[in-house]
Amino acid sequence: MTFRIAPSILSADFARLGEEVRAVAAAGADLIHFDVMDNHYGPNLTVGPLVCAALRPHVKLPLDVHLMVKPVDRLVPEFAKAGANIISFHPEASEHIDRTIALIKEQGCKAGLVLNPATPLSFLDHTLDKLDLVLLMSVNPGFGGQQFIPSVLPKIEEVRRRIRASGKPIWLEVDGGVKTDNIGEIARAGADTFVAGSAIFGSKDYAATIREMRQKLAVL
Ligand code: DX5
Ligand code: ZN
């Protein structure tokens, strides 16, 4: 199993964002997780395509854009143009989920569907085969630094079963409350990609924190 660590810039110093993404890249991150909220679907107001485009030249790592916006479709080409590599969205925020997935792929990006802690897995019934990534929220969208919701663990197990049955190399990413002390059990449940905001950007030594996460993953 290949594990990936995706620092979320939501907990970075927004006044020094270029420096911060270069620092986590140098510290061994695999992806840069970019949280987009619109104060409508996502209860916060963060960053848009302009900031994504501004960060693009600072790192070679894939930009993993997590859209917590409604409507979704108009922003997809904007983020593709701004250098996003992965674009994920919430089914509740799209009127036509299949169309949004197709739109993301037409723009040359990988497509992900994001399920909140209380969003049923039935949204994967007719979409999984078309997805590159399933992102399970282990907090409710909005803010960094919230507590991991443990009832998401059996959900991770179930999604891993479905991905295995599909035979496709679909990533299973988990977002919210991931720390060095729970990343092992989240991986054991079946996740392969880990978003971590406050755990990394809130630590003194980004490289040491990412190294500790990888050590926890190595002994599974
Ligand atoms: C929450 C965001 C998360 C957030 C995670 O709405 O989607 O990506 O940054 O932050 P931590 O890792 O601090 O829970
Ligand atoms: Zn996120």
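Just follow the structure's listing: the first ligand is 1, and inside any ligand the first atom is 1. Just the heavy atoms: all of them, side chains too, but no hydrogens, waters or symmetry mates, feed the values below. This structure is a prediction, so every number in the text was calculated from the model and none was measured. FYI, the numbering just counts along the sequence from 1.
- In this structure, A199 and T209 approach most closely via the heavy-atom pair O-CG2, 3.4 Å.
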Step by step, would you call H33 with D35 a side-chain hydrogen bond (donor to acceptor under 3.5 Å, both in side chains)?
-> CA-CA 6 Å; H33 187 81; D35 286 304; 3.0 Å; yes
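- Looking only at protein N/O/S atoms, the ones less than 2.8 Å from the Zn ion (ligand 2) make 4 in total.
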M1 vs L220, side chain to side chain contact (heavy atoms under 4.5 Å, CB included): CA-CA, chis, key distance, verdict | CA-CA 10 Å; M1 177 95 85; L220 289 178; over 6 Å; no
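- Listed by chain and residue number, the protein contacts of ligand 1 are S8, L10, H33, D35, M37, H66, M68, M137, P141, G142, F143, G144, G145, D175, G176, G177, V195, A196, G197, S198 (heavy atom within 4.0 angstrom).
- Counting only heavy atoms from C-beta outward, the side chains of V51 and F34 approach each other to under 4.5 Å.
- Ionic pairing of D73 and R99 is not present here: no N-O contact between side-chain nitrogen and carboxylate oxygen is shorter than 4.0 angstrom.
- Side-chain contact check for V21 versus L61: every heavy-atom pair is 4.5 Å or farther apart.
- For F148 against G177, the heavy-atom pair with the smallest separation is CB-O, 3.6 Å.
- Taking a cutoff of 4.0 Å between a charged side-chain nitrogen and a carboxylate oxygen, R160 and D192 qualify as a salt bridge.
- Note on R161 versus E158: salt bridge recorded, some NZ/NE/NH1/NH2 to OD/OE distance being below 4.0 Å.
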